[in-house]
Number of protein chains: 2
Amino acid sequence: MPTSKDVAQAAGVAQSTVSYVLSGKRPISEKTRKKVEDAIQQLTYQPNAGARALASRKTRVIGLVIPFIPELHMASIMEFVSVIASTARLYDHDILLVTEDEGAPGLQRVVGQQICDGLILMQVEGDDERLPVVRNLHVPVVLIGIPRDPSGLVCIDADFEMAGEQCVQDLAAAGHTVISVLDWQREVVDRHVNYVERFMAGTNKAAESLGVKVVHLPGGTDRDVIADSVDKALAETTGVPAFIAPDGTAQDVLRRALSSRGLTPGKDVSVIGSASPTLAELQPIPLSTIDLRPAEVSRRAVKIVCDLLQSDSRGPTESLELVPTAITHRSSTLRPSPGA
Amino acid sequence: MPTSKDVAQAAGVAQSTVSYVLSGKRPISEKTRKKVEDAIQQLTYQPNAGARALASRKTRVIGLVIPFIPELHMASIMEFVSVIASTARLYDHDILLVTEDEGAPGLQRVVGQQICDGLILMQVEGDDERLPVVRNLHVPVVLIGIPRDPSGLVCIDADFEMAGEQCVQDLAAAGHTVISVLDWQREVVDRHVNYVERFMAGTNKAAESLGVKVVHLPGGTDRDVIADSVDKALAETTGVPAFIAPDGTAQDVLRRALSSRGLTPGKDVSVIGSASPTLAELQPIPLSTIDLRPAEVSRRAVKIVCDLLQSDSRGPTESLELVPTAITHRSSTLRPSPGA
DNA sequence: ACTCAACGTCGAAGCGTATCGACGAAGCGC
DNA sequence: GCGCTTCGTCGATACGCTTCGACGTTGAGT
């Protein structure tokens, strides 16, 4: 592998000049720049990341802590991961995977060994055990998800409360007076993942202001649980029943339960699921969805870390961003009745 | 951040001694080792990755090239990613994400800048444009998937041919004489991903030796396509129909098409889907599955790279490993009739 | 014509680790 | 008791880059 010294030699300049051509941190004459760039081309020189990191104290790597619990909707997690990795490249950074099972020590490891310049944590719980550690890490950390106490932390997430409101408003506008909301899986609820509560709060708020009734029911992927929830919902409803299934994993089971009871979404029942535009395409039926904007959340998370990295802010930072959500109508919900 | 020099000072030894304590590459007396380890503890010393990489010419990082095309079954991709990351830690390595859209230049980048010591590529196509580059990279590369010409490459994958055989054998044993196989999505088939062909070959081979009929039909997630395929299959079948859906994305749509025709899996139709044990749990019905062993494939891929890394083999290596698959019976298939 | 400020380039000093050769101290056989 | 190996430690150097201070060169201003 050629080094910058080889390039310097080939171009007839000093090694430091090569470095300045690459970094642009000092003015270089057009003539010299050309000589150096030609030499780089010819030798197919690429700077050594280790040496660069050692000298500059920047690795240009961001650690991404990913969850893998089957109860989460993996397709959507993957969308986060993928967009985060692509976006990081736009900022000339790379992504290092850290699995959630490494826990807090894992964070200390990658930061302590200076493998990463910053971190992004996914699936942050209400009282995440890693939070105290995060607060004391001297590198930028962005949380995807809002913990119970976000003080001293930088957080971003979809606006789940808005999402809840939008779903209820939408169904109310279509004439539904009783709306059933399937909860996330027990495993998720029990972790006090804050978005569950925010979503539910949104549905309640909208229900109150619109004078409709919202019924919360157990969700998940267990067939019997869902069947039970559906039966309860049907019992509570006089008109056309409506369901909101914000948890991606519950959608298939719900659809199945409805269809086995002879109910067709968009005809004798309304269903709003959750999916990004990308994933909605793959649904077995044209599902009306609430888009929780995983791609946008991912992009912003990366931007925030990179901005913090650049501003080199060592002081404690704190911020909270909520990304607006949006409903997309497909044929699984009733149209608003103009007469209503 | 403390350095090894600080540790040396605190322990009253030379810096090189600290290094030898950590690496174990030279004998160290019990007394000295203890002093050094205490100092490390006290200072919470962690070696600097950049400096280590620079001096040792090893980064302890493996690049993982991930696909993100919606047509793939993302939940299963995520299972690969997650297991690969965890396994890498067992070998004291980390995983750097490289997205597929960086293409061949992306590989040259991470290897050229010496960000990684080795690579794992997922979703390798039959005539992958990256193969010529891979052959000339002077680092270990493991492909998950088998290209058309695997010469000079190290490949691993599930044994899709075995999987195809097992599915057909199983359904034949349950008394089915006509078996319909849903193909992968067009987008996947058109990329000549080799596992598609291997799976189909397996089904044909078994069909021939068992004297049953295998019908190949278009798959994917398009409702109309699947509906069409189901109708064709039903027309071809006299007894109880049987379906194999090796592509995870097609399963939901297939189930829906069957149920809307009044067919119940395990009763008047047999269905074998594809899922790892982890993911099978989350299916809306107890689906009999072919397990394509993503976790095992992942573990072995990591092991192979790490072994190659250790043996430091610069010479061209070539190998091909197939991981045996297995069928798990749940209630979506008929039981073998003892009288048959 | 002379001063002074850019401008462009160079040399050298680190950054923190791994590793090689050297060297004193023991332990062995004869 | 002598030379010899083995053990345990040290000092020095190399790894490839960034960055700082220094220095020669121009061109503008007076």
Side-chain angles (χ1 to χ4, degrees), chain A residues 1-37 39-40 43-61 92 109-117 309-310 312, chain B residues 1-37 39-40 43-61 92 111-117 309-310 312:
Chain A
M1 296 264 177
T3 70
S4 62
K5 201 193 286 182
D6 298 329
V7 173
Q9 199 159 13
V13 300
Q15 181 268 328
S16 55
T17 303
V18 175
S19 180
Y20 286 122
V21 168
L22 253 24
S23 72
K25 295 201 176 170
R26 287 209 179 162
I28 298 286
S29 71
E30 205 46 55
K31 209 180 72 185
T32 310
R33 153 172 289 113
K34 175 117 185 51
K35 280 194 300 184
V36 171
E37 281 169 352
I40 288 178
L43 299 176
T44 65
Y45 164 75
Q46 298 195 253
N48 178 296
R52 194 202 278 260
L54 181 55
S56 69
R57 316 177 134 283
K58 307 236 156 189
T59 63
R60 306 195 140 286
V61 170
D92 200 19
R109 181 178 71 83
V110 291
V111 171
Q113 299 187 4
Q114 301 182 53
I115 303 180
C116 309
D117 298 334
L309 244 33
Q310 206 153 30
D312 208 38
Chain B
M1 295 264 177
T3 70
S4 62
K5 202 192 285 182
D6 298 329
V7 173
Q9 198 158 13
V13 300
Q15 179 269 327
S16 55
T17 301
V18 175
S19 181
Y20 285 122
V21 167
L22 253 26
S23 72
K25 294 199 176 174
R26 286 207 180 163
I28 298 287
S29 70
E30 205 46 55
K31 209 180 74 188
T32 312
R33 153 172 291 112
K34 176 119 183 51
K35 278 193 300 184
V36 171
E37 282 169 351
I40 289 178
L43 298 176
T44 63
Y45 164 75
Q46 297 195 253
N48 178 297
R52 194 202 278 259
L54 181 56
S56 68
R57 316 180 135 282
K58 306 238 156 188
T59 64
R60 306 194 140 286
V61 170
D92 201 19
V111 171
Q113 299 188 3
Q114 301 181 56
I115 303 180
C116 310
D117 298 334
L309 245 32
Q310 205 154 30
D312 208 38

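The sequence lines fix the lettering, A, B, ..., with proteins before strands; numbering per chain opens at 1.
- Judged by closest nucleotide on DNA chain C, A/Val13 is the one of B/Pro47 and A/Val13 placed further toward the 5' end.
- Toward the 5' end of DNA chain D, the nearer of the two residues B/Ser56 and B/Lys31, judged by each one's closest nucleotide, is B/Lys31.
- One interatomic measurement links the two molecules: CZ of B/Arg52 to P of C/dA18, which rounds to 5 Å at whole-angstrom precision.
- Look at B/Arg57 and you'll find a side-chain N or O under 4.0 angstrom from OP1 or OP2 of D/dG16.
- Rounded to whole Å, atom P of C/dG16 lies 15 Å from atom CD of A/Gln113.
- In this structure, B/Tyr20 does not reach the C/dC20 phosphate: none of its side-chain N or O atoms is under 4.0 Å from OP1 or OP2.
- Counting heavy atoms from C-beta on, the side chains of B/Asn48 and B/Thr3 never come closer than 4.5 Å.
- Side-chain proximity of A/Ala14 to C/dT17, C/dG16, C/dC10: nearest is C/dC10.
- Minimum atom distance to the side chain of B/Arg26 is reached by C/dA22, of the listed C/dT19, C/dA22, D/dT18.
- Between B/Lys25 and the phosphate of C/dT19, there is a side-chain N or O to OP1/OP2 separation shorter than 4.0 Å.
- Checking the phosphate oxygens (OP1, OP2) of C/dC10, a side-chain nitrogen or oxygen of A/Thr17 falls inside 4.0 Å.
- At least one side-chain heavy atom of B/Val18 sits under 4.5 Å from a side-chain heavy atom of B/Val13.
- In this structure, B/Leu54 atom CG and D/dT18 atom P are separated by 12 Å, rounded to whole Å.
- Mapped onto DNA chain D by nearest heavy atom, B/Ser29 and B/Ala51 fall at different nucleotides, with B/Ser29 at the one closer to the 5' end.
- Interatomic distance, B/Asp6 CG to B/Leu43 CG, rounded to the nearest 0.5 Å: 6.5 Å.
- The CD atom of B/Gln114 sits 9.0 Å away from atom CD of A/Gln46, with the distance rounded to the nearest 0.5 Å.
- A sub-4.0 Å separation between OP1 or OP2 of D/dT18 and a side-chain N or O of A/Ser19 is present.
- As rounded to whole Å, 7 Å separates atom C1' of D/dG16 from atom OH of A/Tyr45.
- Side-chain contact between B/Ile40 and B/Leu22 is present, with heavy atoms from C-beta onward closer than 4.5 Å.
- Spacing between atom CD1 of B/Ile115 and atom P of D/dC17 amounts to 13 Å, rounded to whole angstrom units.
- In this entry the distance linking NZ of A/Lys5 with P of C/dG11 reads 12 Å, nearest Å.
- Neither OP1 nor OP2 of C/dT19 sits under 4.0 Å from any side-chain N or O of B/Ser16.
- Taking the side chain as every heavy atom from C-beta outward, A/Thr17 and A/Ile28 approach each other to under 4.5 Å.
- As rounded to whole Å, 13 Å separates atom C1' of D/dC15 from atom CG of A/Asp6.
- Between the C1' atom of D/dC7 and the CD atom of B/Glu30 lies a distance of 14 Å, rounded to the nearest Å.
- Note on A/Ser4: a side-chain N or O is less than 4.0 Å away from OP1 or OP2 of D/dC17.
- Residue A/Thr3 places its side chain closer to D/dG16 than to any other of D/dA22, D/dT19, D/dG16.
- Distances from the side chain of B/Pro27 to the nucleotides D/dC10, D/dG16, D/dG8 place D/dG8 closest.
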